[in-house]
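These notes are about the structure you will find just below.
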Protein chains: 2
Amino acid sequence: MATPDVPDIVIGRLPLYLRALNQLEAEGQEITSSHELADQLDISSAQIRKDLSHFGEFGKQGTGYNIEFLAAQIERILQLEQVWHVALVGVGDLGRALAGYNGFQHRGFRITHIFDNDPDIIGTQVSEFEVLPYARLQEVVSEADILMAMIAVPADKAQGVCDTLVKAGVKAVLNYAPTKLRAPSDVHVQDIDPVIHLQHMSYYLTT
Amino acid sequence: MATPDVPDIVIGRLPLYLRALNQLEAEGQEITSSHELADQLDISSAQIRKDLSHFGEFGKQGTGYNIEFLAAQIERILQLEQVWHVALVGVGDLGRALAGYNGFQHRGFRITHIFDNDPDIIGTQVSEFEVLPYARLQEVVSEADILMAMIAVPADKAQGVCDTLVKAGVKAVLNYAPTKLRAPSDVHVQDIDPVIHLQHMSYYLTT
DNA sequence: TAGATTGTTAATCGATTAACAATC
DNA sequence: TAGATTGTTAATCGATTAACAATC
């Protein structure tokens, strides 16, 4: 690997840069600068340049960055040149919303299998998917070599789901259940809990 | 104010502490320690003690923390003793999932109004809400003194929605649209974009 | 008392920023 | 050339951690 040991906090900003670049590109712009990106993202231009410098030199002095080129480089760095297959566990309201979301495909991901343990839901059609029985989760995910999964089940079921996913070989989990999951250190887990964000912001409210 | 200028990164961890405490409480435990919390949360015990020390002394040497007491203190600090009213804009699949989510109420928040601009949806019933016309967003939110909102509309509509919310007096926005919003500095904005998390984790995948 | 854990200080670590030579 | 912007270094800033006296 040409890029040893880049801080995780830097990796975490690359998707934000990519999203901003895609937006500029969609607006027909061809060139941007660290200053313009900084302005869009509320990040300092120095930080953007420093972050990118971990991976190579992508700009031209005096000119800036070619948007299409830089976006392609970030996609390469993040391994987004392929489309990752993702399993979704839990077909409640949130699971349905995720199953129907169109925004995954062109940003590097595709849900390929969805699972639930409710007999009334198993076998039904949700978006383009047939809901598979939770009992088959490990077998199917393992067989299909799926490395990423999203958990959209109640909090008290999430750890069990996570354990099964890990056994099936999943290495990245996006957890929507409002609970902290335990997983081996080679498995990445990130959480989405709207209440955590609301509670964070409520600190600052004045009435 | 008794608590001037606590770093935002500390505030952001308080909801995680609270969630862990609630979980321990639900399991019937009465006392915990910074070490046990640290173990649950993958945060160092020193950091937990330091974070809490910004706000007062909540533990007993040799014993630890009374869970119920500490949870109550964190709720007070985060201003969660009241239930904040929240407006939801956008009644697509995700909006429906949020409207139907039971997890808000007991953690300090209640969706009170939901809006959409689709004539086919306006006036229909979604969970316990009647969908209000987007045209009335500013008036209703302003009138009801709502300070928090969630945006669940397509990316290209999000900034306009945000602007209207700001005009209506909203001071905290949870944005589900995959785009960076601009808002005055006294308005807090936090983003939830699953793809950002997936892209972050895909960096670490090996095949 | 002996053992455990807090709250806090000081040291360490790492991230951000300022500044500028290089150069397009 | 003059103006602009990169990539990078060194300085600054802030967050995390280690360690321990206080004390339950």
Side-chain angles (χ1 to χ4, degrees), chain A residues 2-18 20-21 24 29-74 76-77 200 203, chain B residues 2-18 20-21 24 29-74 76-77 200 203:
Chain A
T3 51
D5 210 26
V6 177
D8 181 66
I9 197 163
V10 173
I11 305 301
R13 280 192 293 261
L14 296 183
L16 301 174
Y17 300 161
L18 180 58
L21 289 166
L24 290 170
Q29 204 170 312
E30 288 189 1
I31 303 289
T32 187
S33 67
S34 61
H35 298 281
E36 186 178 42
L37 286 170
D39 185 54
Q40 286 225 357
L41 291 165
D42 272 326
I43 290 177
S44 80
S45 62
Q47 180 157 89
I48 294 173
R49 294 197 302 279
K50 182 126 221 292
D51 284 354
L52 295 176
S53 76
H54 283 100
F55 304 98
E57 310 191 355
F58 305 119
K60 263 213 241 311
Q61 282 104 325
T63 309
Y65 301 94
N66 177 292
I67 291 173
E68 193 180 333
F69 175 74
L70 181 56
Q73 293 307 306
I74 294 178
R76 178 182 52 73
I77 293 163
H200 183 164
Y203 174 83
Chain B
T3 52
D5 209 27
V6 177
D8 182 66
I9 197 162
V10 173
I11 305 302
R13 280 191 294 262
L14 296 183
L16 301 175
Y17 301 161
L18 180 58
L21 289 166
L24 290 170
Q29 204 168 313
E30 289 189 2
I31 303 289
T32 187
S33 68
S34 61
H35 298 281
E36 186 178 41
L37 286 170
D39 184 54
Q40 286 225 356
L41 291 166
D42 272 324
I43 291 178
S44 80
S45 63
Q47 179 155 90
I48 293 172
R49 293 197 302 278
K50 184 125 219 294
D51 284 354
L52 295 176
S53 77
H54 284 99
F55 305 96
E57 310 190 354
F58 306 118
K60 263 213 241 312
Q61 283 105 325
T63 309
Y65 302 93
N66 177 291
I67 291 173
E68 194 181 334
F69 175 74
L70 182 56
Q73 294 306 307
I74 294 178
R76 179 183 52 75
I77 294 163
H200 183 163
Y203 174 83

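Quick note on labels: first sequence line is chain A, next is B, and so on, each numbered from 1.
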Atom pair [atom1]/[atom2] of [X] and [Y] - distance to nearest 0.5 Å:
X: B:Ile74; Y: B:Leu18; atom1: CD1; atom2: CG; answer: 5.5 Å
X: B:Arg76; Y: B:Phe55; atom1: CZ; atom2: CZ; answer: 9.5 Å
X: B:Ile48; Y: B:Leu37; atom1: CD1; atom2: CG; answer: 5.0 Å
X: B:His54; Y: B:Asp5; atom1: NE2; atom2: CG; answer: 9.0 Å
X: A:Leu52; Y: A:Ile77; atom1: CG; atom2: CD1; answer: 7.5 Å

task = Look through every strand shown and name the nucleotide pairing with C:dT17 as Watson-Crick or G-U wobble, where both distances are under 3.5 Å.
result =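 Answer to the pairing question: D:dA10, which forms a Watson-Crick or G-U pair with C:dT17.
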query = Paired with D:dT5: which nucleotide, if any, by Watson-Crick or G-U wobble criteria at under 3.5 Å for both distances?
reply =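 Partner of D:dT5: C:dA22.
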Can you tell me how far [atom2] of [N] sits from [atom1] of [X], to the nearest Å?
X: B:Tyr65; N: C:dT5; atom1: OH; atom2: C1'; answer: 8 Å
X: A:Leu70; N: D:dT5; atom1: CG; atom2: C1'; answer: 14 Å
X: B:Glu57; N: C:dT8; atom1: CD; atom2: C1'; answer: 9 Å
X: B:Phe55; N: C:dT6; atom1: CZ; atom2: P; answer: 17 Å
X: B:Leu52; N: C:dT6; atom1: CG; atom2: P; answer: 10 Å
X: B:Leu37; N: C:dG7; atom1: CG; atom2: C1'; answer: 15 Å
X: B:Phe58; N: C:dT8; atom1: CZ; atom2: P; answer: 11 Å

Indicate every side-chain donor-acceptor pair of residues 29-36 of chain A with a distance under 3.5 Å to a residue at least two apart or in another chain.
| from | atom 1 | to | atom 2 | distance (Å) |
| --- | --- | --- | --- | --- |
| A:Gln29 | NE2 | A:Ile31 | O | 3.0 |
| A:Gln29 | NE2 | A:Glu36 | OE1 | 2.6 |
| A:Gln29 | NE2 | A:Glu36 | OE2 | 3.0 |
| A:Thr32 | OG1 | A:Glu36 | OE1 | 2.4 |
| A:Ser33 | OG | A:His35 | N | 3.3 |
| A:Ser33 | OG | A:Glu36 | N | 3.1 |
| A:Ser34 | OG | A:Arg49 | NH1 | 3.0 |

ask   = So what does B:Ser34 hit on the nucleic acid, given a heavy-atom distance under 4.0 Å: a base, only sugar-phosphate, or nothing?
value =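 Sugar-phosphate, backbone atoms only, no base.
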Please write out each protein N/O paired with an N/O of nucleotides 15-22 of chain C under 3.5 Å, distance rounded to 0.1 Å.
| from | atom 1 | to | atom 2 | distance (Å) |
| --- | --- | --- | --- | --- |
| C:dT16 | OP1 | A:Arg13 | NH1 | 3.1 |
| C:dT16 | OP2 | A:Arg13 | NH2 | 3.0 |
| C:dT16 | OP2 | A:Gln47 | NE2 | 2.9 |
| C:dT16 | O5' | A:Gln47 | NE2 | 2.8 |
| C:dT17 | OP2 | A:Ser44 | OG | 3.0 |
| C:dA19 | N6 | A:Arg49 | NH2 | 3.2 |

